[in-house]
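First the structure, which I've put down as structure tokens, then a few questions once you've had a look.
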Amino acid sequence: QVQLSESGGGSVQAGGALRLSCAASDSSWSRYGINCMGWFRQSPGKERERVAAMYTRGGSTYYADSVKGRFTISQDGAKNSVYLRMNNLEPEDTATYYCSAGRGFVGHGGCLEDDFWGQGTQVTVSS
């Protein structure tokens, strides 16, 4: 079982920035063939939305239209970690953000399979 741990959430004003981090447990990372990591978000009353994903073995990325140009996903393979830099935050970005790890990647949609999930970290953007 891959364990994911997110951090970096918080409260900011509109226009501000945050950097989310997600660390995967080292002991089981390779056993499951994980090659794609991503970020989802969900706010009350809304469906879960994939906001970004990265093919960890090649660096290809996916972004939802709502965050393109503002969010950047990156990885540190040595640390089995993925990051989400969020700039120019808007109140509409307020949500709980979840890290995922899985297999397969498509440029128009992100990870094909999301096998593991973190517990989530709250991001609140005030106007």
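Just so it is clear, the structure is predicted and the values come from calculations on it, not from any experiment. Computed over heavy atoms, backbone and side chain alike; hydrogens, waters and symmetry mates excluded.
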- [ ] Would you please test Tyr83 and Asp76 for side-chain contact (heavy atoms from CB on, under 4.5 Å) and show each step?
- [x] CA-CA 8 Å; Tyr83 308 96; Asp76 184 335; 3.8 Å; yes
- [ ] Determine whether Leu20 and Tyr62 fall in the same hydrophobic cluster, where Ile, Leu, Val, Met, Phe, Trp and Tyr are linked whenever their side-chain heavy atoms lie under 4.5 Å apart.
- [x] no
- [ ] Look at the side chain of Arg85 and the backbone N and O of Arg19, then say whether any donor-acceptor pair between them is shorter than 3.5 Å.
- [x]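 Here the side-chain-to-backbone pair does not exist.
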- [ ] Can you label the angle between the Tyr97 ring and the Phe71 ring as parallel, tilted or perpendicular, going by 30° and 60°?
- [x]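 The arrangement is tilted - the two ring planes meet at 30° to 60°.
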Open item on the list: Measuring only between side-chain heavy atoms, which start at C-beta, is Met37 closer than 4.5 Å to Cys22?
Closed with: yes
Open item on the list: Classify the ring geometry of Phe116 against Tyr32: parallel below 30°, tilted from 30° to 60°, perpendicular beyond 60°.
Closed with: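 Rings of Phe116 and Tyr32: perpendicular, as their planes differ by over 60°.
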Open item on the list: Quiz question: by atom type and distance under 3.5 Å, do the side chains of Ser126 and Gln13 form a donor-acceptor pair?
Closed with: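 Looking only at side-chain atoms, Gln13 and Ser126 do not form any donor-acceptor pair under 3.5 Å.
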TODO: Work out which heavy atom in Gly110 is nearest to a heavy atom in Ala53; give both atom names and the distance.
DONE: CA-CB, 3.7 Å
Task: Minimum-distance pair of heavy atoms, taken over all atoms of Pro91 and Ser127 - done: CG-CB, 3.9 Å
Task: Side-chain donor-acceptor pair present, Ser66, Glu49, cut-off under 3.5 Å - done: yes
Task: Candidate pair Thr56 and Gln75, rule side-chain hydrogen bond (donor to acceptor under 3.5 Å, both in side chains), full reasoning - done: CA-CA 7 Å; Thr56 60; Gln75 66 170 330; 4.7 Å; no
TODO: Heavy atoms only: give me the nearest Ser74-Val82 pair and the separation to one decimal.
DONE: O-CG2, 3.0 Å
Task: Nearest-0.5 Å distance that lies between atom CD1 in Ile73 and atom CE in Met86 - done: 12.0 Å
Task: Nearest-0.5 Å distance that lies between atom CZ in Arg41 and atom CD in Glu47 - done: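 Answer rounded to 0.5 Å: 13.5 Å.
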Task: Pairwise distance OH(Tyr63) to OG1(Thr72) - rounded to 0.5 angstrom - done: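 Answer rounded to 0.5 Å: 4.5 Å.
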TODO: Treat each ILVMFWY residue as a node, draw an edge where side-chain heavy atoms are under 4.5 Å apart, and state whether Met54 and Phe40 are in one component.
DONE: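 Unlinked, Met54 and Phe40 end up in two clusters.
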TODO: Determine, using the 4.5 Å side-chain heavy-atom cutoff (strictly less than), whether Trp39 and Leu89 are members of one ILVMFWY cluster.
DONE: yes
- [ ] Would you give the length of the straight line joining atom NZ of Lys46 to atom OG1 of Thr94, rounded to the nearest 0.5 angstrom?
- [x] 9.0 Å
Task: Shortest non-hydrogen contact between Cys99 and Glu6, atoms and distance - done: N-OE2, 2.8 Å
TODO: Identify the two heavy atoms, one from Leu84 and one from Ala52, that lie closest to each other, and give their separation to 0.1 Å.
DONE: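 Heavy-atom minimum between the residues: CD1-CB, 3.9 Å.
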Task: Donor-acceptor contact below 3.5 Å, side chain Thr124 vs main chain Ser11 - done: no
Task: Atom of Asn35, atom of Arg103 and distance for their closest heavy-atom approach - done: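 Scanning both residues completely, I find the closest heavy atoms to be OD1-CA, 3.2 Å.
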Open item on the list: Under the criterion side-chain contact (heavy atoms from CB on, under 4.5 Å), I'd like the reasoning laid out for Asp115 against Val2: C-alpha separation, chi angles, the key distance, then a yes or no.
Closed with: CA-CA 9 Å; Asp115 300 312; Val2 174; over 6 Å; no
Task: Whether over 12 other heavy atoms sit under 6.0 Å from Gln119 CD - done: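 No, because the 6.0 Å sphere around CD of Gln119 holds 12 heavy atoms or fewer from other groups.
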Task: Stacked cation flag Arg48 on Tyr98, 6.0 angstrom / 45 deg - done: no
